[in-house]
Amino acid sequence: MQYRLSYILFILISVISYGQVNLSLETDKNEYSGKDIVNLTIILEINGSEMDHQTRFQLPDLSKFTMIGSGSVTNTLVDPATNTVITQKISRIALEPKKKGKIKIGSVLVTLNNKIYKTEPFDINIRDVVEKRSLANNTSNEVYLNMEIEDREVYQDQPTVAVLRVYSKNMDNFRKVKNIRLPQQDNINVHPVSFGKSEIDPSGYGNMASQILAVFMVFPNEAGFVEVPSVSASVNSYAHKNKIVSNKVKLSVKKLPEGSPEYFKNAVGNFKVSVHNTSKDKIEVDKPVHVLVKVSGEGNLPDMVLPKIAASPDYEFFAPKITSKVVPGTTGMKGEILANYIVVPKKAGEISVKTEPFAFFDPASREYVEAGQKSLALNAFSHEQILESRTTVEKVNEYTNNLLETVNTPVLKTTTLKVKEKHKFHWNILLTNIAILLGLFIAYLLFKTWQKKRALVRETVSSKPLGSVAETEKEIKEMLKTDINDYFSYLENLKDNGEYQKFFQTLEEMDEEVRKQHLQTYSGDFKAFLEEYKGSSVAEEYRNLMQKIEMEKYSPMKTSEGMEELLRTVVNLYSQISK
């Protein structure tokens, strides 16, 4: 009997202790539109003061959202009936969805008294995420712009790729869109990637066609929520000129991690610093020397603060001349920035020209990298040492130059050398001319003989039976057929070696070759050819593949899995087209 009472008491204590903690995760609704904010509310209620709150809330994977804001509050009260302390902690998170469709919200975890409590996961439905506000604002004009930024959560001074599209029911309006003005704002730096127009997509949005007008990179230079302004353009017609603007996009810019080096400025990316002496002559005291400081790499290269030459009593330097050789890359602007300094040595002997310490933040590893100081060793000579080191020839040349510059020399009278003419007949010249004429005559006879043989071959070929039209078309296709497997093998090697820029160039060449091959005997465009000869499903797969290639090409972060999947899709589709 006593054993049974102990067992029942133990069960009651377990139930009571389990009921002391209540953890829940809720949303304000289950279905959202693309512009709605998803509000997550986390409630933790603890009954009693003996519970040890060991960890904070461990949030689930929210990579499919952009965090807009968060906040929390803690309330503590005492139940007068039971004299129990009740602690309630409420946290709220505002999220903006990046994708549409069904998204799973995982569990929130918290550890109390060495026990882990968690919430149950659930799903929410996002109807549409793409901003189409400009559609409502510009339906009267029948043309509107839409700015798309897929990666809206980046670090400060880290780039994100923006794509500008134009939509219209009438495809003729696309050629009227001109004078594209990229956004300008103090807290962002914008650098164009391409202003080349893409092919027109007839199924852009609803019953409207679309076309990519521009691709550019946005570098936010401050943390927090940064709004990218609208892109503007003009629609020119014979009657009037209209201005259209795109939507605005809000970015969630993460602050750079704590613990940055003291000499870190704003360099975000991956860089190298080097110092060079561009002067070939001997270095002389109090005479200028050209010293080149080169920063190369990929990141926010055009907007970063360059490392300067450190001050020293051994030399004096002046403000540099900055030149840049920068092109768009995959993770930023890549190339090199050159700072050409004029350095004047102040003493003879060994001189070390040093740069300021330099550090940058690498977003790939999420760590600060210290490049340190770079130094250049110079050996300066005094004027007397320069004079003593000259050779005898150099001394004679200098003495002669000084003499000619300082002494007035008289004008010397010169005579003209004339060659006497010889009145003699040159037989060699006559024979050479005769040989040239004979050679031209023989070449003419050979050319006429070749023409007769060629005419005979044409008559022989024309006498052969022509065959049917289908056989002739098949023969032409076999002659023009491109070996697509060679392209597949080359693309596989480029992917494995990580040469993604050359990968996309080769992909464009292959697509152009396939187009030329199939359009030799077809008068329409390539998409119409696929619809008629390969089926609507192949044409739809081709259109989706072109969009996927365009987005993957300008994506700042490329993964081996994504490139593998892209290559697999290319091989499957182009194998069907080339059959």
Side-chain angles (χ1 to χ4, degrees), residues 34-35 128-150 152 159-219 226-251 302 326-328 333 504 508 511-512 515 519 523-528 542-544 546-547 549-551 553-554:
K35 292 307 298 173
D128 187 12
V129 133
V130 180
E131 297 185 33
K132 300 297 179 183
R133 287 181 296 178
S134 55
L135 174 62
N137 298 334
N138 298 282
T139 50
S140 59
N141 298 331
E142 297 183 352
V143 181
Y144 73 95
L145 298 177
N146 190 64
M147 178 170 52
E148 303 171 1
I149 299 180
E150 183 175 357
R152 302 189 186 184
T160 183
V161 178
V163 179
L164 179 66
R165 291 181 181 269
V166 60
Y167 291 81
S168 179
K169 295 180 180 179
N170 186 3
M171 294 186 184
D172 186 57
N173 290 329
F174 292 154
R175 63 180 181 84
K176 301 177 183 178
V177 180
K178 299 178 180 179
N179 302 325
I180 300 172
R181 295 180 179 272
L182 300 181
Q184 294 181 357
Q185 199 165 267
D186 292 338
N187 55 359
I188 62 172
N189 297 314
V190 178
H191 296 281
V193 174
S194 172
F195 282 103
K197 295 183 179 181
S198 67
E199 291 188 3
I200 297 176
D201 184 5
S203 59
Y205 177 73
N207 59 347
M208 292 189 176
S210 68
Q211 185 182 38
I212 296 178
L213 295 182
V215 180
F216 55 95
M217 287 187 180
V218 179
F219 293 78
V226 176
E227 188 176 64
V228 181
S230 303
V231 181
S232 65
S234 61
V235 181
N236 300 332
S237 62
Y238 295 106
H240 51 272
K241 179 178 180 181
N242 293 333
K243 180 180 179 181
I244 57 176
V245 295
S246 72
N247 58 306
K248 300 178 181 179
V249 178
K250 184 177 290 185
L251 302 178
V326 179
V327 296
M333 305 299 291
F504 288 104
E508 292 177 0
D511 182 71
E512 185 178 356
R515 284 170 178 266
L519 294 181
S523 59
D525 60 2
F526 190 62
K527 292 185 179 179
Y542 179 80
R543 185 186 65 82
N544 295 333
M546 290 298 103
Q547 291 182 349
I549 291 173
E550 193 73 20
M551 295 303 296
K553 179 179 179 181
Y554 297 109

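Below, all heavy atoms of this structure are taken into account, side chains as well, without hydrogens, waters or symmetry copies. This chain uses plain numbering: 1 for the first residue, then up along the sequence.
Take E508 and apply the side chain to side chain contact (heavy atoms under 4.5 Å, CB included) test, not counting sequence neighbours, and it matches K553. For S234, the side chain to side chain contact (heavy atoms under 4.5 Å, CB included) test picks out K178, N179, N236, K241, with sequence neighbours left out. By the side-chain hydrogen bond (donor to acceptor under 3.5 Å, both in side chains) test, E550 is found to be paired with no residue, residues two or more places apart in sequence or in another chain being considered. Take E150 and apply the side-chain hydrogen bond (donor to acceptor under 3.5 Å, both in side chains) test, not counting sequence neighbours, and it matches no residue. By the ring-ring contact (aromatic ring centres under 6.0 Å, His included) test, Y542 is found to be paired with F526, residues two or more places apart in sequence or in another chain being considered. Residues passing the side chain to side chain contact (heavy atoms under 4.5 Å, CB included) test with N170, sequence neighbours excluded: S168, D172, N173.
One N or O on the side chain of S230 and one on the backbone of S246 form a donor-acceptor pair closer than 3.5 Å. Side-chain atoms of E227 do not come within 3.5 Å of backbone N or O of K250 as any donor-acceptor pair.
Taking all atoms of both residues into account, the shortest heavy-atom contact from M171 to P202 is CE-CB, 3.9 Å. The heavy-atom pair separating Y167 from F174 by the smallest distance is C-CE2, 4.1 Å. P159 and M217 get closest at one heavy-atom pair: CB-SD, 4.2 Å. The nearest pair of heavy atoms linking R181 to V231 is O-CG1, 3.2 Å. Here the shortest heavy-atom pairing between A214 and F195 reads CB-CD2, 3.7 Å. The nearest pair of heavy atoms linking K197 to V177 is NZ-O, 3.7 Å.
Looking at M208 and Y144, their side chains come closer than 4.5 Å, going by heavy atoms from C-beta outward. Proximity of L145 to L213: side-chain heavy atoms (C-beta onward) are separated by under 4.5 Å at one or more points. Using a 4.5 Å cut-off on side-chain heavy atoms (C-beta onward), V161 and V193 make no contact. Looking at M546 and D511, their side chains come closer than 4.5 Å, going by heavy atoms from C-beta outward.
Under the 30°/60° scheme for interplanar angles, the aromatic rings of F219 and H191 are found to stand perpendicular.
Taking CD from E199 and OG from S210, the interatomic distance works out to 11.5 Å, rounded to the nearest 0.5 Å. Here I244 contributes atom CD1 and K176 contributes atom NZ; the two are 12.0 Å apart, rounded to the nearest 0.5 Å.
Checked options S194, P328, P183; the residue passing with F216 is P183 (criterion: side-chain contact (heavy atoms from CB on, under 4.5 Å)).
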